[in-house]
Novice: 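Below you'll find the structure I mean.
Because only heavy atoms are used, hydrogens play no part in the values below, and waters and symmetry mates are left out as well, while side chains stay in. Start at 1 and go down the list; that is how both ligands and their atoms are numbered.
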Amino acid sequence: MSRIALVGSGKVAWQLGKRLTIKGFAVSQVLSRTAAHARALAKTLHASWSDQWADILPDTDWILIAIRDDVIGTVAAALSEHAPAALATHTSGATPGTVLAPFFDRYGVFYPLQTFSRERKPDWADIPVCVDASNEKDLAFLRMAAEKIGKQAYSINDSQRAQLHVAAVFANNFSNHCFAIAEKILREKGLSFELLHPLMQETIAKALKQSPFDIQTGPAVRGDEATMRRHLQLLGQHADWQQVYQLLSDSIKKEHGASDT
Ligand SMILES: NC(=O)c1ccc[n+]([C@@H]2O[C@H](COP(=O)([O-])OP(=O)(O)OC[C@H]3O[C@@H](n4cnc5c(N)ncnc54)[C@H](OP(=O)(O)O)[C@@H]3O)[C@@H](O)[C@H]2O)c1
């Protein structure tokens with residue numbers, strides 16, 4: 001795979017592009033909707049760039065699509081007109097690989113299971129990369145690439161990956177949203193979010209050692225109804241946070257078989 005085209009220039013494209021390059025995979029071209037974004041990433045990777053899908057090099061070996069989930073199909077359709085023989089993969093946990101099937105004979109998924117941002121350098125040595133491909137040879141290639149850049153390659157099909165992604169939304173997006181609500185609650189009372197840092201660290205540390213189910217604490221699992229009512233009152237100015245509190249408490253009670261009285 002000597003010619004790699006990176007499609008997109010967002011968080012994943014930047015992190016993946018840099019890691020691939022460090023690990024010896026030459027990204028030869030960056031294509032992205034916004035010219036300035038494509039140019040900036042291409043400069044870092046010493047690659048050529050374009051904001052026109054039709055400019056994809058016809059002899060591209062691997063097209064790595066890292067763009068918003070709901071436009072992957074449309075962009076793949078445009079790319080396939082100019083580089084139909086390439087292996088096309090996307091990086092989405094939530095999107096089936098088969099979204100590429102109408103446009104490419106060789107398609108797959110290259111999904112690094114981590115939360116990426118621009119500012120933080122990912123610890124790639126710890127990151128599992130979930131791969132899938134429409135044929136064995138490409139799967140072997142993607143597994144090799146995944147193991148070079150990440151911790152381990154996992155061959156995971158579309159239906160498994162869909163479940164994995166839902167689980168990841170709970171583990172990362174929802175828990176982070178809860179951290180954000182906690183931060184706002186403290187700020188409203190002039191308290192520092194840092195007060196919660198040791199608690200957050202211990203929560204993660206424990207959940208990595210034991211089943212999170214087994215280590216659940218708090219008023220909902222204890223059935224402390226009076227405390228929960230007081231909490232709901234305290235959240236009176238925030239009807240949406242009250243709903244989140246109630247829903248999560250009900251879910252904890254249900255999972256742990258606590259009585260509803
Ligand atoms: N962020 C994560 O932690 C993470 C982790 C694993 C997998 N993923 C997956 O990786 C993919 C990219 O995510 P991201 O977080 O890198 O997204 P992002 O930072 O928000 O970047 C979005 C990218 O999509 C492009 N884009 C948006 N609308 C477009 C359109 N209408 N047509 C063409 N391109 C368009 C943007 O191009 P321009 O900037 O050029 O406009 C940009 O390069 C997604 O499939 C996501 O599910 C994300």
Novice: Could you tell me if the ring centre of His256 sits under 6.0 Å from that of Phe213?
Specialist: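 Yes: the rings meet the under 6.0 Å criterion.
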Novice: Between Phe116 and Trp124, is the gap from one ring center to the other below 6.0 Å?
Specialist: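 That pair passes the under 6.0 Å test.
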Novice: Do Thr89 and Trp62 pair up side chain to side chain, a donor and an acceptor below 3.5 Å, judged on atom types alone?
Specialist: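 The criterion, which ignores hydrogens and geometry beyond distance, is satisfied for Trp62 and Thr89.
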Novice: What residues form a side chain to side chain contact (heavy atoms under 4.5 Å, CB included) with Asp51, not counting sequence neighbours?
Specialist: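 Testing Asp51 for side chain to side chain contact (heavy atoms under 4.5 Å, CB included), a comparison that skips the adjacent residues, returns Ala35.
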Novice: Kindly state each residue pair satisfying salt bridge (charged side-chain N to carboxylate O under 4.0 Å, His left out) with at least one member in residues 144-158, sequence neighbours excluded.
Specialist: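 Pairs touching residues 144-158 that pass the test: Arg143-Glu147, Asp158-Arg161.
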Novice: Suppose we screen for side-chain hydrogen bond (donor to acceptor under 3.5 Å, both in side chains). Which residues come up paired with Gln242, at least two apart in sequence or across chains?
Specialist: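 side-chain hydrogen bond (donor to acceptor under 3.5 Å, both in side chains) list for Gln242, sorted by chain: empty.
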Novice: Counting only heavy atoms and a distance below 4.0 Å, can you name the residues contacting ligand 1?
Specialist: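 If the criterion is a heavy atom under 4.0 Å, then ligand 1 touches Gly8, Ser9, Gly10, Lys11, Val12, Ser32, Arg33, Thr34, His37, Trp53, Ala66, Ile67, Arg68, Asp69, Val71, Val75, Thr91, Ser92, Tyr111, Pro112, Gln114, Thr115, Phe116.
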